[in-house]
Asks: 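Supplied in structure tokens, the structure appears directly below.
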Amino acid sequence: MNDQVSTTIAPDMVHRHLIGGRSVPASNGEMLDVFSPVDGRVFARIASGTKQDIDDAVRAARTAFEGEWSRLTATERGRLLIKLAAAVEADADALAALESRDNGKPLRQARADAVALARYLEFYGSAADKLHGDVIPYLTTHFIGVERVPHGVTGHIVPWNYPMQIFGRSVGAALAAGNATVVKPAEDASLTILHVAAIAQKVGFPDGALNVVTGLGRTAGSALSAHPGIDFLSFTGSPETGTAVQTAAAQNHVGVTLELGGKSAQVVFDDADLERALPTLVNAIIQNGGQTCSAGSRLLIQRGIFDKVVTAVSERFQTLKAGRPDRDPDLGPMINQAQQRRVQTYLERGQGEGLSIAASGTIAADVPEGGYYVAPAFFAPVPHQSILSQEEVFGPVLVATPFEDEAEAVRLANGTAYGLVAGVWTRDAMRSTRVGRAMRAGQVFVNCYGAGGGIELPFGGFGRSGHGREKGFEGLVEFTTTRTLVIAHG
Ligand code: TXE
């Protein structure tokens, strides 16, 4: 969103909420302009969700949860998700084009998101009827069954960086577990979620199982997180908003998973296979323009190879180009003007601290005027206490810091408020396990980083990165609770 005035919008780019299976406008009729980061122009409009809209959506979800949705068996729920997965996969090109325009990510990355969404839906669809409880040995006169049950109505507040993937991991798991859902996409990138929700209606999800209310965080988002009819919340976004969401959840005594970003380090030891490491060291900060919670935004490099690695990374950085997403550049624009300014401010603050830029990429000459492009920047050497080593920039800004030995590497890697992901590059098997297990991070990659999309792998953070786990089977369990049944028979 920015302050540009509205223009004429194609009718198919004017979007309404999906509540109880119906496409409905905001209760007060208000709409929000959607700006494409590609050129800063308005290209769509979404309903500006109100407290009333959230209330309607929660009611619709409750009706589904107490009715048709809960009458389906786990296998039937799973089949619906698998059908949705197939439909999403078949529509991947259209979804990619829409995402690329809405979010600004290069077309191939947007397509990868659509494919990942299909895989999430397939994974959780297939898992729906494999989630079972326990029988506990207890008194000989009693039978004890522990049943896994859905929370009820779950709220999902989704950010703009990976709308499809985050929808897949959170809403896919919640639906598989039998919850009815209310989703509040980010105001800057709602369109693919609306599109997928419309497909879900077509493949036969009962009305109200999946509701989408678009709009601003401070109105629709806060109304959802504070709604007393919500039984569990899933939030991905900034630590500040995460605190607000958790505070609201606490008022209603419900649980929440928070995924709040990171300042993840890749640790490069002097015996690392650099040929293998180099493309990944760069890609981990460039993917989605660095607007990735698990971005590898810090390189910790052993002193003896520091200059060599910095030189090699610099050579790659100099070739990087930010450009129009439809040309499939290394990176597209930032999501909005605020994010562009945030990155620029961090660059200025880094330089203000006296940090030197080892290499920069460029902005392609043909980018449309008004787009939110920034050139990638690589700073080296950067002290560990520097602002660029400690704070999440959420842009294409990489820093490199030397370390002497294993102990220092672990101390630096764990030395931020965050703890989401870590990478370790070494040929020493004993060390890879030792260092890997010393990392305060929800995921640790050895001689790789973010391999294979990670749909099957539990994901989440320590500290300021949040708590709770999404993705993998853990993510499915997170959207359930238990009911223990104690039956006297003797
Ligand atoms: O985040 P917000 P913003 C980080 C990243 C980025 C910064 C700011 O560092 O630069 O956050 O981004 C909804 N109650 N991440 O401002 O505000 C909002 O509508 C309830 C990391 O976009 O957290 C959107 O749907 N909801 C991150 C979602 O919260 C509210 C991804 C995220 O927005 C709300 C995005 C409120 N009061 C940003 N206010 C990651 N972990 O991947 C806003 N929202």
Side-chain angles (χ1 to χ4, degrees), residues 58-82 120-156 169-182 205-206 208-210 225 227-235 245-246 248-259 437 442 455-462 466-490:
V58 173
R59 270 175 220 281
R62 179 66 57 192
T63 303
F65 182 71
E66 287 172 0
E68 205 182 337
W69 183 233
S70 293
R71 284 196 287 275
L72 297 185
T73 62
T75 307
E76 287 167 334
R77 286 198 308 271
R79 281 190 188 135
L80 276 175
L81 283 160
I82 291 166
Y120 275 114
L121 297 169
E122 179 189 53
F123 179 85
Y124 286 119
S126 321
D129 58 6
K130 282 133 201 113
L131 180 69
H132 52 72
D134 276 318
V135 172
I136 296 182
Y138 189 51
L139 306 171
T140 54
T141 50
H142 293 66
F143 175 88
I144 316 293
V146 181
E147 194 185 359
R148 281 257 149 225
V149 294
H151 293 289
V153 175
T154 52
H156 305 258
R169 78 188 190 202
S170 149
V171 183
L175 289 169
N179 301 280
T181 56
V182 179
F205 275 79
L210 167 56
S225 50
H227 199 290
I230 290 292
D231 299 307
F232 189 81
L233 282 158
S234 155
F235 172 80
V245 169
Q246 182 160 5
Q251 298 298 322
N252 292 322
H253 311 106
V254 298
V256 54
T257 57
L258 298 179
E259 198 273 89
R437 296 191 67 206
I455 282 114
E456 303 80 356
L457 315 180
F459 179 70
F462 288 75
H467 55 76
R469 294 291 177 264
E470 292 192 318
K471 304 191 181 184
F473 205 73
E474 294 258 334
L476 185 58
V477 173
E478 196 88 9
F479 284 101
T480 67
T481 184
T482 59
R483 180 193 294 122
T484 303
L485 205 58
V486 182
I487 306 172
H489 57 73

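Only a predicted model underlies this, so the values are computations on that prediction, with no experimental measurement involved.
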Asks: Enter the distance from His156:NE2 to Ile230:CD1 here, rounded to the nearest 0.5 Å.
Replies: 8.0 Å

Asks: Could you list the residues that satisfy ring-ring contact (aromatic ring centres under 6.0 Å, His included) with Phe123, not counting sequence neighbours?
Replies: none

Asks: Side chains of Thr481 and His151: does their closest heavy-atom pair fall under 4.5 Å?
Replies: yes

Asks: Are Lys471 and Tyr120 packed together at the side-chain level, in the sense that at least one heavy-atom pair is separated by less than 4.5 angstrom?
Replies: yes

Asks: I need the Thr75 OG1 to Leu80 CG distance, nearest 0.5 Å.
Replies: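 Between Thr75 OG1 and Leu80 CG, I get 11.5 Å after rounding to 0.5 Å.
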
Asks: Is Glu259 salt-bridged to Arg169, going by a charged N under 4.0 Å from an acidic O?
Replies: yes

Asks: Ignoring hydrogens, what is the shortest heavy-atom contact between Asn179 and Leu175? Give both atom names and the distance.
Replies: O-CD2, 3.6 Å

Asks: Mind checking what makes salt bridge (Lys or Arg N to Asp or Glu O under 4.0 Å) contact with Arg62, not counting sequence neighbours?
Replies: Asp231

Asks: Search all heavy atoms of Val149 against all heavy atoms of Arg483 and return the closest pair with its distance.
Replies: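 Closest heavy-atom pair between Val149 and Arg483: CG1-NH1, 3.5 Å.
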
Asks: If you measure from CD on Glu147 to OG1 on Thr482, what distance do you get to the nearest 0.5 Å?
Replies: 9.5 Å

Asks: For the CZ atom on Arg148, are there more than 12 heavy atoms of other groups (residues, nucleotides or ligands in this structure) within a distance under 6.0 Å?
Replies: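 Correct, the count exceeds 12.
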
Asks: Please report the closest heavy-atom contact between Phe232 and Val256, naming both atoms and the distance.
Replies: CE1-N, 3.8 Å

Asks: Output the distance between atom CZ (Phe479) and atom OG1 (Thr154), rounded to the nearest 0.5 Å.
Replies: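 Separation between the atoms: 6.0 Å.
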
Asks: Show, in sequence, the C-alpha distance, side-chain angles and deciding distance for Phe235 and Gln246, and conclude whether the side-chain contact (heavy atoms from CB on, under 4.5 Å) test is met.
Replies: CA-CA 9 Å; Phe235 172 80; Gln246 182 160 5; over 6 Å; no

Asks: Surrounding NE2 of His132 (heavy atoms of other residues, nucleotides or ligands, distance under 6.0 Å), is the total greater than 12?
Replies: no

Asks: Quick one: pull up CG in Leu121 and CG in Leu81 and give me the separation to the nearest 0.5 Å.
Replies: 6.0 Å

Asks: Please confirm whether the backbone N or O of Phe473 pairs with a side-chain atom of Tyr124, one donor and one acceptor, at under 3.5 Å?
Replies: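 Absent.
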
Asks: Mind listing the closest non-hydrogen atom pair of Thr257 and Gly468 along with its distance?
Replies: CG2-CA, 4.1 Å

Asks: Find the distance between CD (Glu68) and OG1 (Thr63) and round it off to the nearest 0.5 Å.
Replies: 11.5 Å

Asks: Please give me the minimum heavy-atom distance between Gly208 and Ala180, naming the atom from each residue.
Replies: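 Scanning both residues completely, I find the closest heavy atoms to be O-CB, 4.0 Å.
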
Asks: Return yes if some donor-acceptor pair links the side-chain N/O of Arg79 with the main-chain N/O of Ala74 below 3.5 Å, else return no.
Replies: no

Asks: Residues two or more places apart in sequence or in another chain: which of them pass ring-ring contact (aromatic ring centres under 6.0 Å, His included) with His467?
Replies: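 With neighbours one apart ignored, the set is empty.
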
Asks: Can a donor-acceptor pair be found, under 3.5 Å and without considering hydrogens, that links the side chain of Glu76 to the backbone of Thr73?
Replies: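 At least one qualifying donor-acceptor pair exists.
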
Asks: Considering non-hydrogen atoms only, spot the tightest contact between Ala249 and Leu233 and give its length.
Replies: CB-CD1, 3.8 Å

